[in-house]
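Source: prediction; values computed, not measured.
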Amino acid sequence: MTSYKKIQVPQEGQKIELKNGKLSVPDFPIIPFFAGDGTGPDIWRATRHVLDQAIKTAYSGKKKIVWMEIYAGLSALKNYDKDTVLPQETLDAINEFRVAIKGPLTTPVGGHKFVCLVCSAEQNEDNGRRPEKCVKCGSEWLTPRFRSVNVQLRQKLDLYACVRPVRWFKGVPCPVKEPEKFNIVIFRENTEDVYAGIEFENGTPEQKKVYDFLTKEMGKKFNPDSGIGIKPISKTGSQRLIRMAIQYAIDHQKPSVTIVHKGNIQKFTEGAFRDWGYEVAKTEFRDKIVTEAELWDKHNGKLPAGKILIKDRIADQTFQQLLLRPDEYSVLATPNLNGDYISDAAAAQVGGLGIAPGANIGDKAALFEATHGTAPKYTDKDMVNPGSLILSGVMMLEHLGWQEAANLIVSALEQTIQDKTVTYDLERQMTGAKKLKTSEFGEAIARHMGKAASVAA
């Protein structure tokens, strides 16, 4: 195994290997984790307890995750130096061990400022010098404003697919009448579009150079005082994302894959995403798929048995469709920005980000994560909902092939919610509910798994 400066590799456990493009998972895999910033440590403690208990209950000690802590965000600043939020050896460890899990990380926005990794407050230089302490919380963990660590992780590890299952758990308060109809998986492209981060600030020489090129040489017209952003969407990036979505639909016997785009306006990026999607479907999955046009031209609107329907929808139309006819959709494949909006809006329909899991998956590694932010005002208060990270852990178990443990958690989580023993975000929406701390919610889920095992025995 690789030698690291700060990361302590456990003596027990083995690495997950990649053989012929598939994971080879030992019974005692070493899995890297970092708890995250803000409320991250609280939800990670609850999540780890639930994951460990599920594996112990499902496999009676014959399988076990050997956890290995790695560092990013605030934990990196504490262990490396005050300007290192994503150490190279963190990236190396995820690449080496193949599968990792993380809590939320601070993502500062805009401006030339310093950011506090504890409370996320931003402030200017102090008389031309680096501020010594945060003016809001007094923390000394200030670092120059940086690009999102989450984005860097996805790009540097080439985790090109953001995968977000969205379904309703019985008992969760939600704003729609028939949430049980909602069960989709969103595959969002993770490295291109706005996540490519190609921007030129108004008033800079670079912006003027790009503006002059676009207006004088390319004949485009727009205001000269514009900030300029470029959104690349490539054939390579589009097709590998849509290929993964179609393969997922095949493996999980889903009825359809919908390509979501804004091709009616941006024909050579969003429209090309759609066209490249149909191309990869017809070229690589011809015997498994039927396009929507073929469905009506050749099959009288009836999907042949064993086939997956490939269709496309305009992005804004998709928002409406997921409200009115969610049961007509199962797998969505989207460019980056559209997928960002749609996945959060979809989560809101079934109870919010507190129970919305997510994963970033590439060909060589996978990183599972909470989909919400750090909620710094609740740091160390043991009160936020750990459901998002717990369910991301469920996705991780499924990725490992440990379905029995994954099923235990889902069942126990749903039973805990139906008992109306929940964290504050759900308790305030439920009549007669009992409010639990983050840690207590995790313990309640673990107890239900124990009861289920006793009944089964």
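Applying the ring-ring contact (aromatic ring centres under 6.0 Å, His included) test between Trp67 and each of Phe28, Phe97, Trp44 identifies Trp44 as the sole match. Results of the side-chain contact (heavy atoms from CB on, under 4.5 Å) test with Glu443 over Gln53, His49, Lys437 single out His49 as the only residue that passes.
Residue Gln207 comes nearest to Ile228 through the heavy atom pair O-CD1, 3.9 Å, listed as atom of the first residue, atom of the second, then distance. Across all their heavy atoms, Glu270 and Pro335 have their closest contact at OE1-CG, 3.6 Å. The minimum heavy-atom distance linking Leu353 with Ser388 is given by the pair O-CB, 3.4 Å. The shortest non-hydrogen separation linking Met449 to Thr57 is O-CG2, 3.9 Å. The two residues Ala333 and Leu241 come nearest to each other via the heavy atoms CB-CD1, 4.0 Å. Taking both residues in full, the closest heavy atoms of Trp402 and Lys63 are given as CE2-CD, 3.6 Å, listed atom of the first, atom of the second, then distance.
For Arg48 and Phe33, the positive end sits near the middle of the six-membered ring, less than 6.0 Å away and at most 45° from its axis. Judged by a 6.0 Å distance limit and a 45° cone about the ring axis, Arg167 is positioned over the six-membered ring of Phe169.
Checked for salt-bridge contact, Lys434 and Asp419 miss the test: no charged N lies under 4.0 Å from a carboxylate O. Checked for salt-bridge contact, Glu89 and Lys5 miss the test: no charged N lies under 4.0 Å from a carboxylate O. Asp27 has no carboxylate O lying under 4.0 Å from a charged side-chain N of Lys62, or vice versa, which leaves the two without a salt bridge. Salt-bridge annotation for Asp275 and Lys235: absent, with no side-chain N of the basic residue lying under 4.0 Å from a carboxylate O of the acidic one.
A side-chain donor-acceptor contact under 3.5 Å links Thr379 to the backbone of Pro376. No donor-acceptor distance shorter than 3.5 angstrom exists from the side chain of Glu199 to the backbone of Glu201, with no hydrogens or angles considered.
For Tyr59 and Glu404, the side-chain atoms include at least one donor-acceptor pair closer than 3.5 Å. Side-chain N/O atoms of Asn150 and Lys102 include a donor and acceptor closer than 3.5 Å. Using modelled atom types and a 3.5 Å distance limit, the side chains of Arg240 and Tyr160 yield no donor-acceptor pair. Checked by atom type, the side-chain pair Asn385/His372 shows no donor-acceptor distance below 3.5 Å. At a cut-off of 3.5 Å, with distance as the only test, no side-chain donor of Asp37 or Thr374 sits close to an acceptor on the other residue.
The side-chain heavy atoms of Ser226 and Tyr211, taken from C-beta on, include no pair separated by under 4.5 Å. With contacts defined as side-chain heavy-atom distances shorter than 4.5 Å, the pair Ser330/Ile184 does not qualify.
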For this session: Step by step, work out the side chain to side chain contact (heavy atoms under 4.5 Å, CB included) result for Ser439 and Arg45.
Result: CA-CA 7 Å; Ser439 54; Arg45 282 188 289 270; over 6 Å; no
Problem set entry | side chain to side chain contact (heavy atoms under 4.5 Å, CB included) between Val9 and Met68, intermediate numbers included | CA-CA 6 Å; Val9 179; Met68 181 178 78; 3.9 Å; yes
Exercise. Checking salt bridge (Lys or Arg N to Asp or Glu O under 4.0 Å) for the pair Asp42/Lys381: CA distance, chi angles, key distance, verdict?
Worked result: CA-CA 8 Å; Asp42 281 349; Lys381 293 186 177 180; over 6 Å; no
For this session: Decide yes or no on side chain to side chain contact (heavy atoms under 4.5 Å, CB included) for Val172 and Val422, but give the supporting numbers first.
Result: CA-CA 10 Å; Val172 174; Val422 292; over 6 Å; no
Problem set entry | Test log, rule side chain to side chain contact (heavy atoms under 4.5 Å, CB included), inputs Arg98 and His399 | CA-CA 11 Å; Arg98 303 292 182 188; His399 190 70; over 6 Å; no
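In this structure, Ile70 CD1 and Asn79 CG are separated by 12.0 Å, a value rounded to the nearest 0.5 Å. Taken from CD1 in Ile242 to CD1 in Ile259, the straight-line distance is 4.5 Å, to the nearest 0.5 Å. Considering CZ of Arg243 and CZ of Phe187, their distance stands at 13.0 Å, rounded to 0.5 Å. Taken to the nearest 0.5 Å, the CG atom of Asp382 stands 7.0 Å off from the CD atom of Glu440. From Ile246, atom CD1 reaches atom CD1 of Ile308 across 8.0 Å, with rounding to the nearest 0.5 Å. Separation of atoms CG (Leu18) and CG (Asn95) is listed at 11.0 Å; rounding is to 0.5 Å.
With ring centers used as reference points, Tyr71 lies 6.0 Å or more from Tyr4.
At most 12 heavy atoms of other shown residues, nucleotides or ligands fall within 6.0 angstrom of atom OH in Tyr341.
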